[in-house]
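Computed from heavy atoms alone, side chains included, the values below leave out hydrogens, waters and symmetry copies. Residue numbers begin at 1 in each chain, while the letters A, B, ... track the order of the sequences.
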Amino acid sequence: MEANLVIVESPAKAKTIEKFLGKDFSVKSSYGHIRDLSKKNLGIDIEKNYNPQYEIPADKTKIVAELKQSAKRAKMIWLASDEDREGEAIAWHLSEILDLPKDKTHRIVFHEITKNAILEAVKNPRELDMNLVNAQQARRVLDRLVGFELSPVLWKKVKPALSAGRVQSVAVRLIVEKEREINNFKTNTYFKVSALFEVIHAKGNKSELKAELSDRFSTKEKALAFLNKCKTAGFKISDISTKPGKRSPAPPFTTSTLQQEASRKLGFSVAQTMSVAQKLYEAGKITYMRTDSLNLSDLAVGTIKNEIKKEFGDQYLQIRKYKTKIKGAQEAHEAIRPSYINNHEIQGTAAEKKLYELIWKRAIASQMADASFEKTIVTIDISNATEKFLAQGEVLLFDGFLKVYSESTDDEKDDSPKDHLPPLKTSDILTPKNISSVERYEQSPPRYTEASLVKKLEELTIGRPSTYAPIISTIQHRGYVVKEDRPGKDRSFTFLSLEKNSIKEDIKKEYAGAEKSKLFPTDIGMVVNDFLVEHFDNILDYNFTATVEKEFDEIALGNLSWIKMIDKFYKPFHVTVQHTMDNTERSTGEKLLGNDPVSGKPIYVKIGRYGPLVQLGETNNTDKPKFASLLKSQHIETITLKEALDLFRLPREVGEYEGKKVVAAVGKFGPYISHNSKFYSLKKDDSPLTVEIDRAIEIIKEKIEKDKNKIVKKFDNDLSILNGRWGVYICYKKENFKIPKKTNIESLTKEDCLVIIKENNTAGKKNKQKGKEKKAKEKK
DNA sequence: CAGTGAGCGAGCTTCCGCTTGACTT
């Protein structure tokens, strides 16, 4: 029996610490929170000072029972959860549930998992900080009150099963407002001018110089006028200036920056980054991956120092201490870094290797010297114009940290040429080989990616490292936001070129505006957002979280009672909730698009029971209005009257095939064509409004062919072997069964199949039941 | 599997933050 029981939050952490502490200590993990507000109801007794009703969730009963056993046997219990308010609350809940006597309980904290830090922590135990615990209770109660009072308002006023909350609703708002900003963006064009000059040097050899005009022109006429002037102009270098520049490395990774860089450099989703990082952490290869801290332990800085000296030399070393700029950062852990710096690479999956390499490079580079440049700007005068051409050159003098790593940015649109410049001197005369002016479009603001949304949330201090990935998945799961690709459009631009004293004008085409893996609001997301902003603007305010965080801090310092703080928020909030429930109309996002030119009846667009629709005619009239669903690619915010009118053309007769009619329409499962009382789904690029008979026949033939291939073997009407998405499987009485790996499909007999089904049924019944429950839950 | 959009009402849905597996019909 061990004399000492240490409880931490994470099992991987427990394993590491146990090694440092020796055999008198047993280290166990609580697996995060062990208690939470009751799930069945509000879980808060409003009448009795907002008394929280805590419960141990079903999936935690086992671990709590184990901890109880261990605690009973131990002489001293060390509560070693994180030193932030959630960690303090975990320690408090543990002491309550495990019924720990004060004289048997020590609270210890450490910010890094190194032997020294842990031994030091054990030497300096303290008591539970109830102020910090109360700050957490306030946070928890506030979130529950907001979520569980706001969501039912949406069920009644918009649609059942929707949700709202302090964090998710603001995340959705960011995306909705960005979308509107983009939709309202007026794209102007301008003309930029660039030139290719020839320089003849003293010895007669020639070189080329690219330069850009310092000014842009707002119209084609102005650009043309300028090019005309250039026909007779002389070009001379009037100034060459050089100035030094430097770049510093980025700090080591936090959760948020890791998610951003893995997205930009490796194309990972934030969830993927977290799951790969979790694997690396559990394997002991990196430090904890949910952190907002930029700190590296002294031990880590020491080994990084040695590594840089050994690999690159002393001149590449520059020890730096980074301070977080994020307000409200709790810094309970280190920054994310490799556990062992001398491991440049690791064994593992391709994704694990790539992510590890990224973390390694970033940590190393953070302690390396600045890179230095020399920037040269050459100014070229034009004899008959006031505008100047500028040529820029950049020479890397010392690579420094760039030897290892360079951070990516979200918008890399700096396309000005930065070449190595030829030898030049002031007063050199230049001969233009070509001067051209190209029409450019102003760029609308960029849509959010998962990673850039995380960045924005972190700036607003909304959410925590452990919740960034879940937030992104929640708002998508609720149907407020979709992550998808959307095609761009062809657009034309004018290209003017002056060569050999004549100006040529071309109209060229480019493909622009295509989006890949971007976050778009859905119709329901927009309607819910507008409803919440209208009635609960204080909670949807981007500063709401920051404001309440300040109050949580005051509670943690013992300057404010958490009950008073909650009461001050709740009383007026609840009045607003009641008022909104009683006095507002249902919100459908209804909008008048215009009138039908044939009947003169109004056409509306709104969200109906089954999704967005267009409506022809009024609902209160004697004759029923006509309805039609929007296509998947259409949205209530942007659909035009013409597109709405087209929707009423469905179902549409496309033509004939094998003597039977082919009809295109939109059904429960999307656009389809029907033929001979069979149905065929349309492909992504097909529209039921425009699909032609030839294409329809193609789709029909394709489907028939595919169905043929689906059947591998058919024993009788009940039993067959089929080809599915995840490979070959057995279908028996409409139920599907997995075939064990290494089975020879060719030789499977009917009897073999029945055996597999039987085994599957007995062994897999439990799992299957679980799976079904989970699925049912997800559906809800 | 291939429209539906009325109205009533029972019983359901829902938050954020801390953790990891079990789950891939």
Side-chain angles (χ1 to χ4, degrees), chain A residues 8-13 29-37 39 41-44 57 59-60 63 81-82 84-87 89-90 93 136 139-156 159-169 275 278 281-282 288 290 332 462-468 470-471 474 478 545 588 606-615 619 624-629 650-651 663 665-674 677-681 724-726 729 731 735-738 764 767-768 770-775 777-780:
Chain A
V8 295
E9 286 167 59
S10 142
K13 197 166 162 181
S29 151
S30 74
Y31 291 80
H33 277 294
I34 51 152
R35 228 171 34 158
D36 192 17
L37 296 175
K39 266 200 159 54
N41 43 47
L42 188 63
I44 298 161
D59 58 332
K60 287 290 163 64
I63 182 71
S81 42
D82 297 345
D84 54 21
R85 60 173 185 245
E86 297 297 330
I90 289 174
H93 282 298
Q136 192 273 347
R139 198 280 302 155
R140 183 67 192 91
V141 167
L142 178 90
D143 282 337
R144 172 56 70 89
L145 288 171
V146 169
F148 275 38
E149 295 228 347
L150 230 40
S151 301
V153 180
L154 295 180
W155 304 342
K156 194 173 164 204
K159 208 177 112 170
L162 294 174
S163 70
R166 172 177 59 87
V167 170
Q168 60 167 281
S169 298
S275 104
Q278 175 87 27
Y281 168 65
E282 282 168 16
Y288 198 56
R290 292 188 272 264
I462 294 171
R464 303 278 313 127
S466 68
T467 60
Y468 294 138
I471 292 165
T474 299
R478 294 267 171 268
T545 289
T588 61
K606 65 177 181 186
I607 292 185
R609 272 200 290 170
Y610 311 102
L613 59 85
V614 283
Q615 175 188 322
T619 28
K624 258 180 98 176
K626 271 166 90 178
F627 297 99
S629 286
L650 296 175
V663 175
V666 178
K668 218 168 166 182
F669 312 104
Y672 68 92
I673 45 175
S674 65
S677 58
K678 283 201 183 75
F679 298 90
Y680 307 87
S681 288
R725 222 182 347 149
W726 289 289
Y729 65 98
C731 180
E735 261 199 272
N736 299 332
F737 299 89
K738 215 160 67 179
N767 288 338
K768 217 169 197 173
K770 262 190 188 165
K772 264 185 189 164
E773 276 166 21
K774 206 180 163 190
K775 226 182 176 180
K777 233 181 179 179
E778 267 172 17
K779 255 191 178 168
K780 283 170 191 170

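- Nucleotide dA2(B) holds its P atom 14 Å from the OH atom of Tyr680(A), rounded to whole Å.
- Between the Ser681(A) side chain and the Tyr672(A) main chain, no donor and acceptor come within less than 3.5 Å of each other.
- Atoms CD (Gln615(A)) and P (dG5(B)) sit 12 Å apart, rounded to a whole Å.
- With a 4.5 Å cut-off on side-chain heavy atoms, Lys60(A) and Tyr31(A) count as touching.
- Taking 4.0 angstrom as the limit, Arg609(A) places none of its side-chain polar atoms (N or O) nearer than this to OP1 or OP2 of dG3(B).
- Atom OH of residue Tyr468(A) and atom CD1 of residue Ile462(A) lie 9.5 Å apart, to the nearest 0.5 angstrom.
- At a threshold of 4.0 angstrom between heavy atoms, the contacts of Gly611(A) include nucleobase atoms, whether or not backbone atoms are also involved.
- Among the atoms of the strands shown, base atoms are found under 4.0 Å from some heavy atom of Ser629(A).
- Checked against dG3(B), dG17(B), dC15(B), the side chain of Val666(A) finds its nearest nucleotide in dG3(B).
- Contact annotation for Gly87(A): no contact, since no heavy-atom pair falls under 4.0 Å across all strands.
- Side chain of Glu86(A), nearest nucleotide from dC18(B), dT20(B), dC15(B): dC18(B).
- Nucleic acid contact for Gly32(A): base, since at least one base atom lies under 4.0 Å from a heavy atom of the residue.
- Atom pair Trp155(A):CH2 and dG9(B):P shows a separation of 19 Å (rounding to whole Å applied).
- Taking only distance into account, the side chain of Arg144(A) never meets the base of dC16(B) through a donor-acceptor pair shorter than 3.5 Å.
- Side-chain proximity of Arg464(A) to the nucleotides dG3(B), dT20(B), dG17(B) is greatest for dG17(B).
- Going from atom NZ of Lys39(A) over to atom C1' of dT14(B) covers 11 Å, rounded to whole Å.
- One interatomic measurement links the two molecules: NZ of Lys626(A) to P of dT4(B), which rounds to 13 Å at whole-angstrom precision.
- Among the atoms of the strands shown, none is found under 4.0 Å from any heavy atom of Tyr468(A).
- Distances were taken from every side-chain heavy atom of Pro11(A) (C-beta onward) to each of dT20(B), dT4(B), dC15(B); the shortest belongs to dT20(B).
- Among the nucleotides dG5(B), dC1(B), dC18(B), the one closest to any side-chain atom of Ser466(A) is dC18(B).
- Put simply, the side chain of Arg290(A) does not reach to within 4.5 Å of the side chain of Arg464(A), judged on heavy atoms.
- Within 4.0 Å (heavy atoms only), Leu613(A) reaches at least one base atom of the nucleic acid.
- Relative to the side chain of Arg139(A), the nucleotides dA2(B), dG17(B), dT13(B) differ in distance, and dG17(B) lies closest.
- Nucleic acid contact class of Ala89(A) (heavy atoms, under 4.0 Å, all strands): none.
- Contact of the Arg140(A) side chain with the Arg85(A) side chain is not registered, since no non-hydrogen atoms from C-beta on lie closer than 4.5 Å.
- Counting any heavy atom pair closer than 4.0 Å across all strands shown, Gln278(A) reaches sugar-phosphate atoms only and no base atom.
- No engagement by Pro470(A) is indicated, since no non-hydrogen atom pair under 4.0 Å with the nucleic acid exists.
- Looking at heavy-atom distances under 4.0 Å, Val167(A) makes contact with sugar-phosphate atoms alone, never a base.
- In this structure, of dG5(B), dA2(B), dG17(B), it is dG17(B) that holds the atom nearest to the side chain of Thr467(A).
- If you find the closest nucleotide of DNA chain B to Lys159(A) and to Arg35(A), the one lying nearer the 5' end belongs to Lys159(A).
- Among the heavy atoms of the strands, none lies under 4.0 Å from Ile34(A).
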Exercise. Give the C-alpha distance, both sets of side-chain angles, the deciding distance and a yes or no for side-chain contact (heavy atoms from CB on, under 4.5 Å) between Arg144(A) and Val141(A).
Key: CA-CA 5 Å; Arg144(A) 172 56 70 89; Val141(A) 167; 5.7 Å; no

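- Within 4.0 Å (heavy atoms only), Arg166(A) reaches sugar-phosphate atoms of the nucleic acid but no base atom.
- In the set dT13(B), dG21(B), dT14(B), the nucleotide with an atom closest to the side chain of Arg478(A) is dT14(B).
- Of the candidate nucleotides dA2(B), dG3(B), dC16(B), dC16(B) has the atom nearest to the side chain of Asp36(A).
- When the P atom of dG17(B) is taken as reference, atom CG of Asp82(A) falls 15 Å away, rounded to whole Å.
- Among the atoms of the strands shown, none is found under 4.0 Å from any heavy atom of Ser674(A).
- Residue contacts for Gln136(A): at a heavy-atom cut-off of 4.0 Å it reaches no nucleic acid atom on any strand shown.
- Remark: P of dC1(B) and CZ of Phe679(A) are 10 Å apart, rounded to the nearest angstrom.
- Judged by distance alone, with hydrogens and angles left aside, the side-chain atoms of Ser29(A) form a donor-acceptor pair with the main-chain N or O of Glu9(A) at under 3.5 Å.
- Centre separation under 5.5 Å together with a plane angle under 30° does not hold for the ring of Tyr31(A) and the six-membered base ring of dT19(B), so they are not marked as stacked.
- Rounded to whole angstrom, the span from the CD1 atom of Ile63(A) across to the C1' atom of dG21(B) amounts to 13 Å.
- For Arg290(A) and Leu37(A), each mapped to the nucleotide of DNA chain B holding its nearest heavy atom, the one lying further toward the 5' end belongs to Leu37(A).
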Practice problem: Would you check, one step at a time, whether the test side-chain contact (heavy atoms from CB on, under 4.5 Å) holds for Thr467(A) with Val167(A)? | Solution: CA-CA 10 Å; Thr467(A) 60; Val167(A) 170; 5.8 Å; no

